[in-house]
Amino acid sequence: MSLQDKAVQEFKRHFDAPPAFVVRAPGRVNLIGEHTDYNDGFVLPMAIDHAVWIALRPRGGRRVVAHSLDLDQEVAFGLDNITDENTGWGEYLKGVAWALQEDGHTLQGWEGVVTGDVPIGAGLSSSAALEMATARAFASASDLPWDPATMAQLGQRAENEWVGVSCGIMDQMISAAGVDGHALLIDCRSLETQAVPLPPDTAVVVLDTVTRRGLVDSAYNERRAQCEAAARFFGVPALRDVSVDQFQSQSEGLDDLIQRRARHVVTEDARTLEATEAMRRGDAAELGRLMNASHVSLRDDFEVSSDELNAMVECAQQHEACYGARMTGAGFGGCAVALVRDEASQAFAEKVTACYHSATVIEPHVYICTATNGAEVVQR
Ligand code: GLA
């Protein structure tokens with residue numbers, strides 16, 4: 001049974017009536033453009049066919065009641081005085097309601113069921129998917145206009161200020177604005193987006209190392225601070241404003257560590273724009289080459305990879321059907337992403353699974369992904 005059917009069926013069981021709306025919002029994988037979003041730079045993620053689904057109906061009051069089918073837990077809260085009670089997944093719902101109200105929207109209560117298949121904690125943005133599905137649910141119940149960039153910013157605000165996790169805008173933007181069959185070039189300063197088609201006859205394969213590191217948040221915040229220090233050195237608002245040429249001619253005197261961090265960001269922005277051009281030409285080989293170069297830069301200059309991610313990327317790159325592979329997301333564990341010849345994707349998945357297992361004794365999770373739309377109402 002599809003998750004959409006499951007959400008409808010379970011809604012009926014819980015509330016004795018059909019839902020008024022079914023909404024979905026996807027997780028994401030980033031093809032290239034890593035640790036560039038909070039430097040006002042460019043990213044090139046795609047929304048994947050793993051999503052959070054909510055079936056709901058307005059309640060005609062100011063109360064929200066949501067049942068998680070996957071966790072078998074209910075969360076209920078009033079919209080007049082939302083308080084942080086550490087309810088886990090429920091805080092994402094409350095945080096989004098809080099951010100929408102802070103932005104001046106008048107919200108209606110609703111009741112609904114929530115389910116999904118974005119692996120939690122794998123680095124595929126299950127939180128952004130939950131935030132954007134919640135925003136879509138409130139927009140449907142309260143008849144709010146849906147502007148993807150505005151909603152993404154409110155989702156990011158919920159994550160930063162309510163949940164308390166520092167993140168850039170990429171994950172919420174792609175979950176809100178993804179386009180079927182395409183990756184999305186996002187200018188993280190203007191929030192302009194351009195849909196970029198995937199090269200013909202290729203598949204995007206997500207390779208989960210099944211390793212999760214603590215300290216990711218503190219390492220992430222440290223990288224952000226280092227990037228800000230580099231921007232101050234160059235006298236610009238953000239590293240987005242430094243070209244590769246300028247970096248090469250003006251970085252003398254910059255502390256060695258900060259210099260390497262900045263080199264990653266500056267070259268990664270350039271690679272992301274080159275990757276966009278390669279995709280428009282249908283040039284899978286060039287896109288793959290840029291992904292490989294991104295991995296080296298993240299591993300050696302930005303230092304956010306891990307032994308397991310490196311092992312996974314090497315296993316992927318060795319396969320003859322692979323155009324390129326890299327770690328993806330914040331790093332220190334989580335997933336790698338590979339671009340492979342479509343007709344060989346199943347064989348590739350099997351080979352890389354065996355290779356990674358023999359290198360690490362860990363059984364990876366592999367997802368051959370398609371690019372989907374961003375947050376949408378699928379049934380009303
Ligand atoms: C995490 C953050 C994003 C982005 C990536 C790194 O996924 O949530 O905003 O910074 O790390 O590219």
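Indexing begins at 1, ligand by ligand and atom by atom, following the structure's order. Throughout, numbering of the chain's residues begins at 1 and tracks the sequence.
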Geometric N/O contact [X] with ligand 1, under 3.5 angstrom:
X	answer
Thr36	no
Tyr38	no
Gly168	yes
Asp37	yes

TODO: Check whether the ring centres of Phe21 and Phe11 lie less than 6.0 Å apart, and answer yes or no.
DONE: no

TODO: Mark yes when over 12 heavy atoms from residues, nucleotides or ligands other than Glu252 sit less than 6.0 Å from its CD; otherwise mark no.
DONE: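 Atom CD in Glu252 is not crowded, with 12 or fewer foreign heavy atoms closer than 6.0 Å.
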
Open item on the list: Looking at Arg380, I want to see if its CZ is surrounded by more than 12 non-hydrogen atoms of other residues, nucleotides or ligands under 6.0 Å.
Closed with: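 It does not: Arg380 CZ has 12 such atoms or fewer within range.
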
- [ ] Report yes or no: is the cationic atom of Arg136 (NZ for Lys, CZ for Arg) closer than 6.0 Å to the six-membered ring centre of Trp146, at no more than 45° off its axis?
- [x]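 Because its charged atom sits under 6.0 Å from the ring centre and within 45° of the axis, Arg136 does stack over Trp146.
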
Open item on the list: Less than 4.0 angstrom from a charged side-chain N to a carboxylate O is my criterion; do Glu286 and Arg281 meet it?
Closed with: no

Open item on the list: I need the atoms of ligand 1 closer than 4.0 Å to a non-hydrogen atom of Met170, numbered in the order shown.
Closed with: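 The atoms of ligand 1 under 4.0 Å from a heavy atom of Met170 are 4 (C), 5 (C), 12 (O).
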
- [ ] Anything under 30° is parallel, anything over 60° is perpendicular, the rest tilted; go ahead and classify Tyr367 against His50.
- [x] perpendicular

Task: Closest protein heavy atom to atom 8 (O) of ligand 1, given as residue, atom name and distance to 0.1 Å - done: Asp171 OD2, 2.6 Å

TODO: Take every heavy atom of Arg28, measure it against each atom of ligand 1, and state whether any distance is under 4.0 Å.
DONE: yes

